[in-house]
Amino acid sequence: MLSQLWQNFTCEIPEASTYRVDEEYEQSISTACSNERIVTVPTRCRSTGAEVSVAYHTFGSPSNPCVLLVMGLNSQAIAWDHEFCELLAAAGPYYVIRYDNRDCGKSSKFESVTWTPKMLHYALPQLLWKDRFYCYAPYTLSDMAADGMGLLDALHISKAHVVGISMGGMIAQVMAIEYPDRVLSLTSIMSAVGRHGQAGASLPTKLTLIRQPKSLHHDDVAAYRVWWAQKVCGNRNVDVNRVFTLARFGAVRSTYRGGLPRQTAAIMHAPCRDAALRRLKVPALVIHGDADVLVPFENGIDTFAALTNQTSDSVPRTTTTVYVDSSEAGVKRRRYVRLSVKEGMGHVLFQEDFDWVVREIVSVAKEAGTGTPN
């Protein structure tokens, strides 16, 4: 056991020269980022009092209903592949917005509230994922959800379909819970409800994934991201040159990694959302792969169980749709909730998944109607 742990922790990350840049794909990434804007959201962070600026990109016409894409831990907005965003924008049609969370990419950094040593900061939260004694969270998932809502405010958008992946799924859940009049539908992808003792990554996986790039040079960062994707991809092959190209572009855009421990602390200190999700009134979609080693499949089951007022044991481990009876202001309603399971999928969305995920998001959005045009 100890030898396996040591092997996982010391395994070699391939050299950047192993991969090549796909120049055509790189150019298309750059073109998609050409409309990048940074805005200061109208309200300050509740936990720190700091102003928050958010970098974002848009796809489609602002006259269409909005879809807000929320990215995961320490990942930039561009991790929502522009080809996926373009497909989604055309499918509605929708006005698709992807943005950098705070402490990532080109959005505001919160370095002034960090105080623990670097290694403790990076390693402890991930190694002790199931415990809650990590002593300080400078901001919360609620603060991060407020950033996304603040971005909508800055863009004069009243409501949106909210889609989040991994940590972004947790933030999207908080948005739906805390801003029920602004979220038209909720899509939670490879995420969790934050239940204490929930299924987590194994210790060998955690030890592997706390490894860092050889340097902050963009080629080394990109090589590390390819290596990371291969560790969490599930039972599928990675298009290494495509991943390398996107990761290299992202590293040129920003090599900042200092937000990782603060975002991790926000996840660990968040209260369980199970009870609040059971009270949601909006249509919801849960997407999860059955080969996810980072946020295991049982977390998707837990999320669907909460949204449908079931126990996890009663939820089938296959794609299923449920209409949940509820009442609001004396009016009875039937709320659409769907669990979409992808066999062999790990903790990465690949190009082959784009059409399927877009279809699923469009289905849940249609259940909510188009809402009031922005």
Side-chain angles (χ1 to χ4, degrees), residues 65-70 84 87-88 91-94 96 159-166 168-170 172-177 180 183-193 195 198-199 234 273-292 295-328 331-347 349-350 352-371:
C66 179
V67 178
L68 184 67
L69 301 178
V70 192
F84 170 80
L87 282 171
L88 182 55
Y94 298 115
V96 175
K159 298 183 179 183
H161 302 282
V162 177
V163 179
I165 187 167
S166 195
M170 302 173 196
Q173 292 171 23
V174 174
M175 288 177 176
I177 291 165
V183 174
L184 295 169
S185 68
L186 166 66
T187 297
S188 178
I189 304 174
M190 51 184 81
S191 194
V193 301
R195 177 175 55 80
Q198 67 189 18
R273 294 173 294 281
D274 183 285
L277 289 174
R278 292 175 185 274
R279 297 191 293 270
L280 281 192
K281 305 297 182 183
V282 297
L285 167 66
V286 177
I287 292 176
H288 221 108
D290 66 1
D292 193 331
V295 182
F297 178 49
E298 288 304 311
N299 291 283
I301 297 297
D302 287 348
T303 306
F304 182 77
L307 288 164
T308 54
N309 292 305
Q310 300 182 68
T311 63
S312 296
D313 291 342
S314 65
V315 174
R317 269 52 182 171
T318 58
T319 296
T320 187
T321 302
V322 173
Y323 283 87
V324 181
D325 292 326
S326 64
S327 61
E328 188 173 0
V331 178
K332 291 185 177 180
R333 302 182 184 277
R334 301 188 73 216
R335 181 170 61 89
Y336 173 96
V337 185
R338 179 169 171 83
L339 171 65
S340 186
V341 179
K342 186 73 166 183
E343 183 178 355
M345 186 174 82
H347 204 71
L349 285 184
F350 289 126
E352 66 196 67
D353 301 318
F354 292 172
D355 286 335
W356 158 63
V357 175
V358 165
R359 286 195 302 270
E360 294 285 10
I361 293 172
V362 170
S363 294
V364 71
K366 285 183 176 178
E367 290 289 333
T370 59

Provide the closest heavy-atom pair for [X] versus [Y] in the form atom of the first, atom of the second, distance.
X      : Y      : result
Val67  : Val163 : CG1-CG2, 3.8 Å
Ala192 : Asn299 : CB-OD1, 3.5 Å
Ala91  : Val358 : CB-CG1, 3.6 Å
Thr303 : Gln173 : CG2-NE2, 3.9 Å
Val315 : Ala305 : CG2-CB, 3.8 Å
Ser185 : Ala368 : CB-CB, 4.3 Å

Side-chain touch [X]/[Y], heavy atoms, less than 4.5 angstrom:
X      : Y      : result
Lys281 : Pro180 : no
Ile177 : Leu280 : yes
Tyr336 : Lys366 : no
Ile361 : His161 : no

query = With the threshold set at 4.0 Å, does a side-chain nitrogen-carboxylate oxygen contact exist between Asp274 and Arg278?
reply =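 A salt bridge is present here (some side-chain N lies under 4.0 Å from a carboxylate O).
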So how far is it from [X] [atom1] to [Y] [atom2], rounded to the nearest 0.5 Å?
X      : Y      : atom1 : atom2 : answer
Met345 : Trp356 : CE    : CH2   : 4.0 Å
Arg273 : Ser188 : CZ    : OG    : 8.0 Å
Leu339 : His288 : CG    : NE2   : 9.5 Å
Arg279 : Leu307 : CZ    : CG    : 12.5 Å
Arg359 : Leu87  : CZ    : CG    : 10.5 Å
Leu285 : Ile189 : CG    : CD1   : 7.0 Å

task = Carefully, step by step, assess Lys342 and Val357 under the rule side-chain contact (heavy atoms from CB on, under 4.5 Å).
result = CA-CA 10 Å; Lys342 186 73 166 183; Val357 175; over 6 Å; no
message = Under the criterion side-chain contact (heavy atoms from CB on, under 4.5 Å), I'd like the reasoning laid out for Tyr94 against Val362: C-alpha separation, chi angles, the key distance, then a yes or no.
response = CA-CA 10 Å; Tyr94 298 115; Val362 170; 4.0 Å; yes
query = Per the side chain to side chain contact (heavy atoms under 4.5 Å, CB included) rule, which among Val322, Thr319, Ile287, Val286 passes with Arg338?
reply =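 Of the listed residues Val322, Thr319, Ile287, Val286, the side chain to side chain contact (heavy atoms under 4.5 Å, CB included) partner of Arg338 is Thr319.
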request  = Please answer whether the main-chain N or O of Arg334 pairs with a side-chain N or O of Asp325 as donor and acceptor at a distance below 3.5 Å.
outcome  =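 No, because the side chain of Asp325 does not come within donor-acceptor range (under 3.5 Å) of the backbone of Arg334.
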key: Over 12 non-hydrogen atoms of neighbours within 6.0 angstrom of CD in Glu343   =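 Result for CD/Glu343: open.
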